[in-house]
Participant: 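Please read through the structure below; I'll follow up with questions.
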Amino acid sequence: MAFKGAIVVDTEKCKGCGVCVVNCPTQTIALAKKVNSKGYPYAYMENPDKCTGCGNCAIVCPDTVITVYKIKI
Amino acid sequence: MDINEIIKPENLVYPKSKVLTDTVMHYCPGCSHGVVHKLLAEVIEEMDIQDRTIGISPVGCAVFAYNYLDIDWQQAAHGRAPALATATKRLYPDKYVFAYQGDGDLASIGTAEIIHACNRGENIVVIFINNAIYGMTGGQMAPTTLIGMKTSTTPYGRKAELNGYPLKITELVAQLEGTCYVTRQAVENPANVRKTKKAIRKAFENSAQKKGTSFIEIVAACNSNWKMPPVEANKWMEDNMFPFYPLGDIKDR
Ligand SMILES: Cc1ncc(C[n+]2csc(CCOP(=O)(O)OP(=O)(O)O)c2C)c(N)n1
Ligand code: SF4
Ligand code: SF4
Ligand SMILES: [Mg+2]
């Protein structure tokens, strides 16, 4: 059974720490070239096709700004 | 596949805990405090004890913890969280009471309070964030600062001859009859976050069973005062803190 996932980042609350980026096992996430209103480059799905919905990014995010969705395919 | 096919309420697998407020945390980007707050919120939600939990916030960066978890709180004078937790638990024996403390708070100015609360076996949970530095006040040496580690008060690195030795207070409280569960964890990767969450859950269950004091050290990074980017600070922690402060249970009975 395979899974397909997607994350939603609250970009205004993201602080651009990058902890989610290095803990994503599928290299789905990157920090944006743009910044939010506080000046932080926020996390986003650079490779959305790769996300499996494992939730590792959300678990390690210190500001709990990632929500995770997952479906069976 | 269109991601809008996935992002639907019925497919949600990781929501933000309802015990966390919507207030943006004041912590620096990547600070371990935020992860530990999240885990406390998740455990409190999963145990369904939101209206029966009282936190004691410290003096230190976590002083504002009361803004982030929607539970009852008290805020203690520097180092006195275990004393206030003792009073709170004795007045409200049916509540879950935890003290949340940094290493300056717990292992320096509050040494007497933590030793005696643990020795009395108070039925409380202690969450001890060891980032080896005084975060809030600008990165001064803490009792837990490693030998050779540069801080604003040890600019050439901590020297044992001048500054004494790093204090393993967790091993110390494990010696005391009153502690039932003493463990050292970390929250820099998903596996460690999951282990820390289990430890927090066990600690809360211990206090309900009146087993004594549960003490959880979390080896943490203070990237701002270590003067490193967050990811690099977590790596530095793994390479330098973990060998001296090894992770795992020290006591469990
Ligand atoms: C009685 C008293 N002495 C000193 C201080 C100054 N002070 C504030 S926070 C702090 C140390 C905090 O370090 P730690 O407990 O490690 O928490 P962190 O910020 O690293 O999480 C000190 C010394 C104070 N507020 N009150
Ligand atoms: S871990 Fe959280 S705060 Fe840090 S970059 Fe990722 S989404 Fe943003
Ligand atoms: S100063 Fe250190 S402990 Fe305080 S919020 Fe920043 S990273 Fe966290
Ligand atoms: Mg500290």
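Letters A, B, ... are given to chains in the order of the sequence lines, protein chains preceding strands, and every chain is numbered from 1. Just so it is clear, the values below take in all heavy atoms, side chains as well, and ignore hydrogens, waters and symmetry mates.
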Participant: Hey, are the side chains of A:Val19 and B:Glu188 touching, using non-hydrogen atoms and a 4.5 Å cut-off?
Facilitator: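 The answer is no, as the side chains (C-beta and beyond) never meet within the 4.5 Å cut-off.
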Participant: Are any non-hydrogen side-chain atoms of B:Leu12 and A:Val68 less than 4.5 angstrom apart?
Facilitator: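 Contact flag for B:Leu12/A:Val68 side chains = no.
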Participant: If you round to the nearest 0.5 Å, how far is CD of B:Glu10 from CD1 of A:Ile71?
Facilitator: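 One finds 10.0 Å between CD1 of A:Ile71 and CD of B:Glu10.
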Participant: Is A:Val60 close to chain B through its backbone or its side chain, or both, or neither, when contacts mean heavy atoms under 4.5 Å?
Facilitator: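 Contact with chain B: backbone and side chain both.
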Participant: Can you check whether A:Cys61's main-chain N or O pairs, donor with acceptor, with B:Lys38's side chain at less than 3.5 Å?
Facilitator: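 Pair found, side chain donor or acceptor close to backbone of A:Cys61.
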Participant: At what distance, to the nearest 0.5 angstrom, does CZ of A:Phe3 lie from CG of B:Asn11?
Facilitator: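 CG of B:Asn11 is found 11.5 Å from CZ of A:Phe3.
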Participant: Under a 4.5 Å heavy-atom cutoff, which of A:Cys20, A:Gly5, A:Pro62 has the most pairs with chain B?
Facilitator: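 Heavy-atom pairs under 4.5 Å are most numerous for A:Pro62.
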Participant: Okay, side chain of A:Lys13, backbone of B:Asp22: is any donor-acceptor separation there less than 3.5 Å?
Facilitator: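 Checking the backbone N and O of B:Asp22 against the side chain of A:Lys13, a donor-acceptor pair under 3.5 Å is found.
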Participant: Which one, B:Val35, B:Ile6, B:Leu39, leads in non-hydrogen pairs under 4.5 Å with chain A?
Facilitator: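 That would be B:Ile6.
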Participant: Side chain, backbone, both or neither: which part of A:Ile66 has a heavy atom under 4.5 Å from chain B?
Facilitator: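 Just its backbone gets close to chain B.
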Participant: Is it the side chain or the backbone of A:Lys38 that comes within 4.5 Å of chain B heavy atoms, both, or neither?
Facilitator: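 For A:Lys38, the contact with chain B is made by the side chain alone.
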Participant: Is B:Lys8 close to chain A through its backbone or its side chain, or both, or neither, when contacts mean heavy atoms under 4.5 Å?
Facilitator: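 Just the backbone, heavy atoms under 4.5 Å.
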Participant: Which answer fits B:Asn234, side chain, backbone, both or neither, if we ask what part of it has an atom under 4.5 Å from a heavy atom of chain A?
Facilitator: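 Just the side chain, heavy atoms under 4.5 Å.
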Participant: Between A:Ile59 and B:Glu42, does the side-chain contact (heavy atoms from CB on, under 4.5 Å) criterion hold? Intermediate values first, please.
Facilitator: CA-CA 11 Å; A:Ile59 287 169; B:Glu42 288 178 0; over 6 Å; no
Participant: Which distance, rounded to the nearest 0.5 Å, do you find between the OH of B:Tyr14 and the OG1 of A:Thr64?
Facilitator: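 Nearest 0.5 Å value for the OH-OG1 distance: 5.5 Å.
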Participant: Using non-hydrogen atoms only, which part of A:Cys54 is less than 4.5 Å away from chain B: side chain, backbone, both, or neither?
Facilitator: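 When you check distances to chain B, only backbone atoms of A:Cys54 fall under 4.5 Å.
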Participant: Find the distance between CD1 (A:Ile7) and CD1 (B:Ile7) and round it off to the nearest 0.5 Å.
Facilitator: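 Nearest 0.5 Å value for the CD1-CD1 distance: 9.0 Å.
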Participant: Going through the distances and angles, do B:Met25 and A:Lys15 end up as a side-chain contact (heavy atoms from CB on, under 4.5 Å)?
Facilitator: CA-CA 10 Å; B:Met25 294 186 188; A:Lys15 293 178 183 164; 4.1 Å; yes
